Amino acid sequence: MNEWQILWDVRATFVSGFLNTLVLFGVSVCGAFAAGCAMTYVLEQGGIAARVLRGFINGMRMLPFLILAYLLYYGLPSLGLRMSAWTAGLIALVVYHGAYFAEILRGTRLVLPEGYVEAAKAHGFTPFRLFRRIILPQLVIRSRPLLGNQLIIALKDTAFLTIITVQELTAAANSASATYFIPMEAFVVVIALYWLISIGLELSLRWAARFGARRGFENV
Amino acid sequence: MSDIPAVRIDRLSKSFDGVEVLRDIDLVVNKGEVVSVLGSSGSGKSTMLRCINWLEEPDRGSVFIAGERIGVDPSGRRMKNRELARIRARTGMVFQGFNLWPHLNVLQNVMESPIQVKGMAREQARAIAVALLEKVGMEHKQDAFPYTLSGGQKQRVAIARALAMSPEVILFDEPTSALDPERVGEVLQVMKNLSGEGYTMIVVTHEMEFARAVSDQVVFLDKGRIIEKSAPDIFFSNPETERVRRFLELS
Amino acid sequence: MSDIPAVRIDRLSKSFDGVEVLRDIDLVVNKGEVVSVLGSSGSGKSTMLRCINWLEEPDRGSVFIAGERIGVDPSGRRMKNRELARIRARTGMVFQGFNLWPHLNVLQNVMESPIQVKGMAREQARAIAVALLEKVGMEHKQDAFPYTLSGGQKQRVAIARALAMSPEVILFDEPTSALDPERVGEVLQVMKNLSGEGYTMIVVTHEMEFARAVSDQVVFLDKGRIIEKSAPDIFFSNPETERVRRFLELS
Amino acid sequence: MTLQAWLLLLEGAWTTLWICAIAIAIGVVAGLGIALLRMARVPFLDQLLVLYVSLARATPLVTLVLFIFLTAPTMGIGMDRTTAAILALTLNTAAFNAEIWRAAFISFSREQKEAALACGMTNAVFFRRIMLPQMITSSLPGLVNEMSFLIKGSPAIAVIGIVDLTRVTNRISAVTYDPLPPILAAAVLYMLMIGVLLKLQAIAEKKANRLAM
Amino acid sequence: DLADAKKRGYLTAATEDDYAPFNFIVDGKPQGFHSDLLVELKAYAQKSGLDVRQEILPWTGLLASVSSGQYDMAFTGALVTDDRLRVFNFSPPFASAQHYFVKRAKDDSITDIASLSGKSVGVQAGSALLARLPELKAMLAKTGGKMGEVREYPSYPEIYADLANGRLDIAVNAVISVNDLVKTRGDVFAKGLPVSGNGFAAWPVPKNSPELLKFLTGFMDEIRASGKLAELQTKWFGEAFPDMPVEPITSVEQFHTLAGME
Ligand SMILES: Nc1ncnc2c1ncn2[C@@H]1O[C@H](COP(=O)(O)OP(=O)(O)OP(=O)(O)O)[C@@H](O)[C@H]1O
Ligand SMILES: Nc1ncnc2c1ncn2[C@@H]1O[C@H](COP(=O)(O)OP(=O)(O)OP(=O)(O)O)[C@@H](O)[C@H]1O
Ligand SMILES: [Mg+2]
Ligand SMILES: [Mg+2]
C-alpha cells in the first residue's frame with residue numbers, strides 16, 4: 001500500500017483535526033488579542049494594578065505553555081475545579097498569548113512619541129477613549145510584523161493541546177503517523193496545512209499593511 | 001462676564017532634574033482676555049502652558065480653570081484621570097510640534113475630539129471641521145495624511161483641531177512659527193476674531209505685532225520667572241526692566 | 001572663485017500622487033552666494049531643498065553640486081548610495097522639524113557626522129562642536145538629550161549640527177522659526193558671518209529682514225513655480241508680479 | 001525528589017541553556033542579516049527569503065529537528081545531534097527574529113534617516129550609528145519574547161536524543177509514575193532562565209524612554 | 001544491513017529512556033531489561049568482530065530514525081502491529097504484550113469485563129494498544145455491553161493522571177507496563193484483566209536488513225538456550241515467557257496466526 005494512499009484513507013482525521021485547529025486558533029487568537037489590548041490598557045493606567053499585571057505578564061512569559069495547560073487541566077482538578085479539555089485549552093491559550101500580545105504592544109508603546117498622547121489629553125480625552133482611538137491604532141499599525149509572529153506562534157501552540165487530548169491537527173498527524181508508521185508523509189501534510197493558514201495570515205497582514213503605508217508608517 | 005477668572009495661576013514652580021524651569025509664577029487671566037507670553041528660547045514658556053492643562057505636573061502651586069482647580073481634587077489628592085479629562089476638555093491647545101495624529105487624515109484629526117470627547121454627532125462634527133479647515137485654508141487637503149503636509153499646513157490643521165472643541169480657554173504655543181507672512185496675517189486674524197467672540201487665549205508668540213495689537217496683557221518670562229506683566233502699550237513703549245528693553249530692541 | 005556654480009538646478013519637476021509640487025525649477029547659485037527662498041505655506045520650498053540633496057527624487061530635471069550631478073551618474077543610471085553620500089557630505093541641511101537623533105546627547109549629535117563621515121579625530125570634532133554650540137548659545141546643554149530641549153534649543157542644535165560638517169553648500173529650512181527675536185538676531189548673525197566666510201547658502205525663510213539684508217538673490221515660489229528671482233533690493237522695492245506685491249504688503 | 005534528581009535536572013538545564021544560548025546568539029544576528037537583505041530588495045533573493053521566513057515560521061520545531069537530523073545523512077552531510085539541534089533552533093528563531101528586526105526597520109523614523117543622509121552618511125554608517133542603537137532598544141521586548149519562545153520550545157530537540165531539561169523530567173517520572181514534582185521543578189528552572197532575560201530587558205528598557213521624544 | 005555494520009565495525013542499537021521496565025534511566029544510568037541484555041548482545045556481537053553502540057532516543061523519534069537508517073535497530077520493547085510490519089521485521093519476541101486494563105484502586109464498580117460497558121477508555125494515540133481495541137469491543141459485545149468513549153493521548157503519563165483524577169475510568173496498556181505501574185503506584189492503580197489476545201514485544205529491524213534479523217535471531221537462540229533470557233525476564237518482568245515464538249515475525253499473516261487473531 002502506498003503511503004499517500006494511506007493518508008488519503010485517513011483524510012477524515014486530518015480534516016477534522018484541521019477544522020479543530022482552525023476553530024481553536026480563531027477563537028483563542030481573538031480572545032487573546034482582546035485580552036492583550038485590555039492588559040495594555042491597564043498597564044497604561046499605571047498604579048498598583050499595572051505593577052501586578054506586569055508581574056503576571058512576565059510570569060506568563062517565563063512559564064512554559066505546556067505547564068500552564070497542565071496546571072489548568074491536571075492541577076486544578078485536585079482543587080476540585082474540573083474543566084473540559086476545550087475550556088482548559090482555550091483559557092490557557094487566551095491568557096498566555098494575551099500576555100504576549102500585551103508585551104508586544106507595551107514594547108511599541110515605549111517608543112510611541114508622547115506628543116500624540118499629549119495632544120489627545122489636552123483635548124480632554126478620557127483615558128479609555130484616548131487608548132482606544134489614539135494609542136491602540138498606532139500601536140497595532142507599528143507592531144504589525146510582531147503581531148504576525150505572535151499569531152503564527154499561537155497557531156502552532158494549539159498543537160500543545162494534544163497533551164490535554166484536544167484532537168487538533170498535530171494530534172491527527174501524530175496518530176496517523178504512529179499508527180501507520182508514515183512519519184514523513186504525515187508531517188509533510190501537517191506542515192502544508194499549517195503553512196496554508198500562516199500564508200493566509202501573512203497575506204491578510206500584508207493587506208492590512210497598506211493601511212499603515214498610506215499613513216506614512218512604513219518607510220523603507 | 002462673571003468675576004471668576006478664566007485661568008488663575010498661583011505660585012507655580014516646576015523643575016527638571018533639579019533645575020528650576022518655572023519659579024513662583026502668578027497669573028490671572030480674565031474671561032475673554034488675550035494674554036501674550038514672550039520670552040527667549042528656553043525661558044519656560046512651553047512648560048508654563050503645559051502646566052496650565054496639567055500635561056506637566058508642577059512641583060508646587062496651583063492652577064484654576066474657571067475657578068476649578070486642575071490636577072488636584074478638593075480633598076487634596078491627585079485628581080482622577082476622568083475628572084482631569086473633563087476639565088481639560090474646557091481648554092484647547094496648539095502644540096509647538098503640532099502633534100497631529102498620524103493615523104488619521106486631516107479631516108478626521110479635526111473631527112476626532114468633538115466626536116469622542118463631546119459626543120457630537122458625526123455630521124455636525126464634519127460640518128464644523130470643514131468650516132474651520134476653510135478658515136485656515138486647508139479644505140483642499142481634507143483627505144491628506146499628516147506626513148504629507150508641509151510644516152505650515154500641519155500648523156494650520158493643528159489650529160483648526162484646537163478650535164473644533166470651541167474651548168473656553170485656548171493655549172497657543174507659537175501658532176504661527178511655521179507660517180509665511182501672508183498666512184501669519186490670516187491666522188492672527190482668525191485669532192483676533194476669536195478674541196472678539198469672547199474666547200480666552202494664552203498665546204506664546206514671537207510676533208510682537210500680534211502681541212501689541214491683540215493682547216490685553218503681555219507677560220515676559222525670563223529664566224522661569226515672570227519679570228514683566230503689563231498692558232501691551234506700556235510693555236512696548238515703556239518697559240520697566242532693562243532685560244525687556246534689550247529684548248525689544250533686538251526685535 | 002571659479003565659475004562653476006555651487007548649485008545649479010535645471011528644469012526640476014516633482015509631483016506627489018499626481019499633484020505637481022515643483023514645476024520646471026531653474027536656479028543657479030554661485031559660490032559664496034546666499035539665496036533666500038520665499039513663498040507661502042505649501043508652495044514647495046521644503047520640497048525644493050530636499051530635491052537639491054536628493055532626499056526627494058525629482059521626476060524630471062537635474063541638480064549639480066559644484067558641477068557634479070547628484071543622484072544620476074554619468075552613464076545616466078541611478079547613482080550608487082556611496083557616491084550619493086559623498087556628494088551629500090558637501091552639503092549640509094537644517095530641517096524644518098530639526099530631526100535630532102534622540103539616542104545621542106547634544107554634543108554627540110553635533111560630533112557624530114564629522115567623525116563618521118569625515119573621519120575626523122574625536123578631539124578635533126569635540127573642539128569644533130563645542131565652539132559651534134557656543135556660537136548658538138547651547139554650550140550649557142551639551143549633555144542634555146534632545147527630548148529635554150525646548151523648541152528653540154532643538155533648532156539651535158540642529159543648526160550647529162549642520163555647520164559642524166563645514167559643508168560647501170548649506171540648505172536651511174526655516175532656521176529661525178522656533179526662535180525668539182533675540183535669538184533670531186544671533187542666528188542670523190551667525191549666518192551672515194558664514195556668508196562672509198564664503199559659504200554658499202540656500203535659505204527658506206519667512207524673515208523678510210534677513211532676506212533683504214543678507215541675500216544676493218531672492219527667489220519666490222508660488223504653487224511650485226519660481227515666479228520671481230531677483231536681487232533683494234529690486235525684489236523688495238519693485239517686485240515684478242502682482243503676487244509678490246500682495247505677499248510683501250501683508251508682511 | 002532526591003538530590004540526585006535535582007542534579008540531573010540541573011544537568012538537563014545546563015544542556016538546554018547552552019544550546020539555546022548558541023541558537024539565540026546566532027539567530028539574533030542571522031535575523032538581522034535576513035532583515036537587512038530583505039530591506040535591500042535583491043530581486044530573486046528577496047522572494048527566497050520571504051519563502052524561508054514563511055516556511056520556517058510555520059514548521060513545528062519537532063518536525064524541523066527530525067527532518068534535519070534524518071535527511072542530513074541522506075544528503076551526505078555527517079551531522080551529530082547537537083549540531084542538528086542547534087541548526088534547527090537557529091533556523092526557527094532566525095525567521096522570527098527577521099520579522100522583529102524588519103518591524104524596527106520599517107517603523108524607523110523617516111526624519112532621522114533623512115538627517116543622517118543629508119550629513120553625507122552612507123547607509124552603512126547610518127545603520128550602524130543611528131539606526132542600530134535605537135533598534136536594539138526598541139526591538140528588545142520582541143526579541144526577548146522570541147528568546148523565551150525558543151527556550152520554551154527547545155524540548156523539541158529531545159526527539160533526536162538530546163537530554164535536555166524536559167527529557168530529564170520524563171526520565172524521572174517514567175520511573176516514579178508521578179510526573180508533577182519533576183515537572184514543577186523543571187518549570188522553576190525554565191522560569192529562572194527566562195527570568196534572567198527579562199531582567200536584562202528591564203535594565204535596557206530604562207534607556208528606552210528618551211527614544212520616544 | 002549487517003554488512004554495513006561490519007564495515008563500520010559496530011552496530012547501533014537505539015534504546016529508550018522512559019519505558020520502564022524495558023529501558024529507563026535511574027540517576028543518569030541506563031537500567032532495565034535491555035540494559036542488562038545489552039551486555040549479552042555485546043558479547044555475542046564480539047564473536048562476529050562487532051561492537052555495539054547504544055543510542056538513547058525518545059520514542060517519538062525512534063522508529064523514524066531506525067527506518068531512515070540512522071540506527072541499525074530499535075533495542076526496546078516495541079509491540080508488533082500490522083502497520084509496523086509494513087516497514088519493519090521483528091526479531092523473535094522476548095515478552096508477551098497481552099493488553100490489560102488498569103483502573104483506580106478504589107474504583108469498585110469495575111470487577112469483570114462486563115462491567116467495562118460504557119466506561120471511558122484511555123490509550124496512547126497510534127499505539128499497538130489502540131490498534132487492538134476492537135478485540136475489547138468484541139469481548140464486550142459478547143457480554144451484551146458496549147464500548148465507552150475512547151480517548152487518545154500522546155503518552156501514558158497523561159493517561160494515568162486523568163485516570164487518577166477521575167476523568168477516565170480505565171486505561172489499557174501492555175501487561176508488562178501494567179505490572180510495573182502497579183508495582184510502583186499500587187496505592188492508586190490496580191491491574192485489571194486481559195482485554196486482547198496474545199501480543200508480542202520484539203525488536204524492530206528495517207525490512208532491508210535481513211542479515212541483521214538473522215543475527216538477532218541467532219542471539220535470541222543463544223540466550224534462550226543459556227537460560228539468560230529467562231533469568232532477565234523474571235528479574236524485570238516478574239515472570240518468564242517460555243512459550244514465545246522462536247522465529248522472527250516478518251509478515252502480517254504470520255503475526256495474526258501467532259497471536260490467534262482472525
Ligand atoms: N522633560 C524635560 N527634562 C529636562 N529639561 C526640560 C524638559 N523639558 C524642558 N526642559 C528644559 O526646560 C527649559 C524650558 O523649556 P521650555 O520648552 O518651556 O522653553 P520655551 O520657553 O518654550 O522655549 P522655546 O521658545 O525655545 O520653545 C529648557 O531649558 C528645557 O531644556
Ligand atoms: N510626501 C508627500 N506626499 C504628498 N504630498 C506631499 C508630500 N510632501 C509634501 N507634499 C505636498 O507638497 C506641497 C509642498 O510641500 P512643501 O513641504 O515643499 O511646502 P513648503 O513650501 O515647505 O511649505 P511650508 O512653508 O508650510 O513648510 C504641499 O502641498 C504638501 O502637502
Ligand atoms: Mg517652547
Ligand atoms: Mg516647508
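All figures in this text were calculated on a predicted structure; none of them were measured in a lab. Lettering of chains follows the sequences in order, A, B, ..., and the numbering in each one begins at 1.
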Practice task
Flag yes if more than 12 heavy atoms outside A/L203 fall under 6.0 Å of its CG atom; otherwise flag no.
Solution key: yes
Practice task
Starting at CZ of A/R133, measure out to NE2 of B/H103 and round the result to the nearest 0.5 Å.
Solution key: 7.0 Å
Fill in the blank from the handout: Scanning both residues in full, the closest heavy-atom pair of B/P102 with A/R215 reads O-CB, 3.6 Å
Exercise for the section: For B/F16, look at atom CZ and say whether over 12 heavy atoms of other residues, nucleotides or ligands are found less than 6.0 Å away. Expected result: yes
Practice task
Side chain from CB out, backbone as N, CA, C, O: work out which of these in A/I134 comes under 4.5 Å of a heavy atom of chain B, or both, or neither.
Solution key: both
Handout entry: Interface residue of largest heavy-atom contact number with chain A, from B/M93, B/E83, B/K118, B/R50, under 4.5 Å
Key = B/R50
Problem - Contact class of A/F217 relative to chain B, heavy atoms under 4.5 angstrom - result: side chain
Fill in the blank from the handout: Scanning both residues in full, the closest heavy-atom pair of B/F95 with A/A122 reads CZ-CB, 3.9 Å
Problem - Per-residue contact mode, B/L100 against chain A (heavy atom under 4.5 angstrom) - result: backbone
Handout entry: pair A/R132-B/Q116: side-chain heavy atoms closer than 4.5 Å
Key = yes
Problem - CZ (A/R11) with more than 12 external heavy atoms under 6.0 Å - result: yes
Handout entry: Interchain contact, B/N81 with chain A, by part (heavy-atom threshold 4.5 Å)
Key = both
Exercise for the section: Flag the pair A/F125 / B/W101 as yes when their ring centroid distance falls below 6.0 Å, and as no otherwise. Expected result: yes
Problem - Flag side-chain contact, heavy atom, 4.5 Å: A/H123 against B/E112 - result: no
Practice task
Heavy-atom pairs under 4.5 Å with chain B are the metric here; pick the option from A/E118, A/R214, A/Q138 that has the most.
Solution key: A/E118
Handout entry: Trace of the side-chain contact (heavy atoms from CB on, under 4.5 Å) decision for A/R129 with B/V117
Key = CA-CA 8 Å; A/R129 282 178 193 267; B/V117 178; 5.9 Å; no
